[in-house]
2 protein chains.
Amino acid sequence: MPKHTRTVQHNVYVYVDTVLFTLIDGVLNVLVVKRKTAPDGKFALPGGLVEDGETLAEAASRELYEETEMEFRPENLLQIGAYGDPDRDTRYGRAISVAFLAMTPNPPVPNAGSDATSTQFIEYRKARKPGVLEFDHRNIVGDARRLASRQLEDTAIALNFCEEEFTIGELRIVYEAFYQRELDPANFRRKVEKIDGFIIPQKSLSLSESAGRPARLYKRGKKQDLYPPIYFRRQDQ
Amino acid sequence: MPKHTRTVQHNVYVYVDTVLFTLIDGVLNVLVVKRKTAPDGKFALPGGLVEDGETLAEAASRELYEETEMEFRPENLLQIGAYGDPDRDTRYGRAISVAFLAMTPNPPVPNAGSDATSTQFIEYRKARKPGVLEFDHRNIVGDARRLASRQLEDTAIALNFCEEEFTIGELRIVYEAFYQRELDPANFRRKVEKIDGFIIPQKSLSLSESAGRPARLYKRGKKQDLYPPIYFRRQDQ
DNA sequence: GCAAAAGTGTTATTTATACACCCATGT
DNA sequence: ACATGGGTGTATAAATAACACTTTTGC
């Protein structure tokens, strides 16, 4: 079974797909596309074939731009993993996909880019229902949420969901959306404020939206990795 | 830029590579091969091309068996991620590798399988030195250690490093090898014993090796995921 | 006896969690 | 006034870490 003497591997197509999460009214949403070539009504994650000369993250960034006109720097795309079961997509032979995670707050209204696709956000819970997404994209979205939750604990990636200036309440909503449970506002505040270099208080206060006392605004600090992690025990298990 | 209308992607070869960790005298070691076709003296991770009809994990399992005759069930191989920088290996065109993590205690003396390769264990610290491994395998090994450390905290995977029956001291050495620091034996014991379903005490004691009081033997419990994780704060940062 | 590893006990410190309570704003 | 979210105080419980001490073996 010589390996490197083999010069031809049967047709394998390498794709990148991206799970782009955002929050809409505090609810986790994921960006999907509906291709004209897929009239079965199923959605798919934005993605496409990797091209020569680009890294995997660069390919994901390019595809995301082509389909949504949103710019994500490759270094802000986090790899979820490779999905390569032989029966996952046999339209053109074997398809292997490397999935990436992206996050953004307040996304622009999705508009089709140069691609003949229709892009939109759908709720995470809907995307996780069987039969809504093509191929194994349902699994990818699930893995993406798990990875995102984990990243929320270990890194400052939650701030990618916030504007440049944000309140602690807004930051808390990010965590709550991924954890699917409410967190104690008082304890959450102390927890994130104690982490040195995580968030930096500003002098100004938020413009009050609806009721409630105006909140202090914060900007992101330099800290990228949270150690020890912000950690909230799960109810289950 | 139509994507799914494209029928040919320029030559892309999809490999799997496996980082197999073991402990030799309490020191972290990684399995490497030296290929006859690579006479530059560098080592490489065991791996090869993915074949038709097999999952990525099955491919890694097969390659590992072909090169070491050690059997690892695909479900025991943990995916590290995909490595696909365009300049990582240009011998036959573009090469993308999906890396897996495996762990085993007391490995059999590596012997070359049917492949024309020489397999051996080298110390993790050596493998991490520049110029020792081919391509980006140095990075893969680093990511593998990080993932393994993380897995040690979150799952019962550390037990894969132990025999069927083991002492708590042996289990502690596994954690110490990955964390690269010593842990307090008293606190470690209490921590792992408290986790319900993690390890199960046996009646028998270990045969004393060298000095010291004989230790109680344990077997692995049913618990696969540790929640809350076993958690040891790092010194650094 | 002495060294070494297993195992128990104790204590100080930190962290998690719950929740009472005040503050500042919109309605 | 009252609802709402911001923010502080605080008590209880639990986890962490450091380390003293006893136990049981090999040498």
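Atom set for the values below is all heavy atoms of this structure, side chains included, hydrogens, waters and symmetry mates excluded. Order of the sequence lines fixes the chain letters, A, B, ..., with proteins taken first and strands second; residue numbering starts at 1 for each chain.
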Are the side chain of [X] and the backbone N or O of [Y] linked by a donor-acceptor pair below 3.5 Å?
{"X": "A:Thr55", "Y": "B:Asp85", "answer": "no"}
{"X": "A:Gln79", "Y": "B:Ala82", "answer": "yes"}
{"X": "A:His137", "Y": "A:Leu45", "answer": "yes"}

What's the [atom1]-[atom2] distance between [X] and [N], to the nearest Å?
{"X": "A:Arg216", "N": "C:dA24", "atom1": "CZ", "atom2": "P", "answer": "12 Å"}
{"X": "A:Ile199", "N": "D:dG7", "atom1": "CD1", "atom2": "P", "answer": "10 Å"}
{"X": "A:Ile230", "N": "C:dT17", "atom1": "CD1", "atom2": "P", "answer": "13 Å"}
{"X": "B:Gln202", "N": "C:dA6", "atom1": "CD", "atom2": "C1'", "answer": "17 Å"}
{"X": "A:Glu176", "N": "D:dG5", "atom1": "CD", "atom2": "P", "answer": "11 Å"}

Review point. Are the side chains of A:Leu183 and A:Arg181 in touch, meaning some heavy atoms are under 4.5 Å apart?
Key: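 Yes, side chains in contact.
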Point to revise | Per-nucleotide protein contact string for nucleotides 22-27 of chain D, where B marks a base within reach and S marks sugar-phosphate only (heavy atoms under 4.0 Å, - for neither) | key: -BBBS-
Point to revise | Minimum heavy-atom distance B:Arg216-B:Leu205, with the two atoms named | key: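 Heavy-atom minimum between the residues: CA-CD2, 3.5 Å.
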Check your understanding: Where is the tightest heavy-atom contact between A:Thr167 and A:Leu217, given as atom of each residue plus distance?
Key ->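 So the minimum-distance heavy-atom pair works out to CG2-CD2, 3.9 Å.
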Check your understanding: Quick check, are the ring centers of A:Phe161 and A:Phe178 under 6.0 angstrom apart?
Key ->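 That pair passes the under 6.0 Å test.
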Please set out all donor-acceptor pairs under 3.5 angstrom arising from side-chain atoms of residues 184-194 of chain A, sequence neighbours excluded.
{"from": "A:Asp184", "atom 1": "OD1", "to": "A:Ala186", "atom 2": "N", "distance (Å)": "2.8"}
{"from": "A:Asp184", "atom 1": "OD1", "to": "A:Asn187", "atom 2": "N", "distance (Å)": "3.0"}
{"from": "A:Asn187", "atom 1": "OD1", "to": "A:Arg190", "atom 2": "NH2", "distance (Å)": "3.0"}
{"from": "A:Lys191", "atom 1": "NZ", "to": "A:Tyr231", "atom 2": "O", "distance (Å)": "3.0"}
{"from": "A:Glu193", "atom 1": "OE2", "to": "A:Tyr218", "atom 2": "OH", "distance (Å)": "2.5"}

Check your understanding: If you write DNA chain D from 5' to 3' in dot-bracket form, with Watson-Crick or G-U pairs under 3.5 Å, [ ] for crossing pairs and | for pairs with another strand, what do you get?
Key -> |||||||||||||||||||||||||||
Check your understanding: Does A:Arg172 make a side-chain N or O approach to OP1 or OP2 of D:dG6 shorter than 4.0 Å?
Key ->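 Answer yes for this pair, as a side-chain N or O of A:Arg172 is under 4.0 Å from OP1 or OP2.
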Please tabulate, for the side chains in residues 197-204 of chain B, all donor-acceptor contacts under 3.5 angstrom to protein atoms that are two or more places apart in sequence or on a different chain.
none

**Study point:** B:Arg73/B:Glu75 salt bridge by N-O under 4.0 Å criterion
**Key:**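 Answer for the salt bridge query: yes.
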Check your understanding: Applying salt bridge (Lys or Arg N to Asp or Glu O under 4.0 Å), which residue pairs with at least one partner in residues 155-172 of chain B are found, sequence neighbours left out?
Key ->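 Sorted result for residues 155-172 of chain B: B:Glu164-B:Lys219, B:Arg172-B:Glu176.
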Review point. Heavy atom of residues 183-195 of chain B under 4.0 Å from DNA chain C: which residues?
Key: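 Per residue number, the list reads B:Ala186, B:Arg189, B:Arg190.
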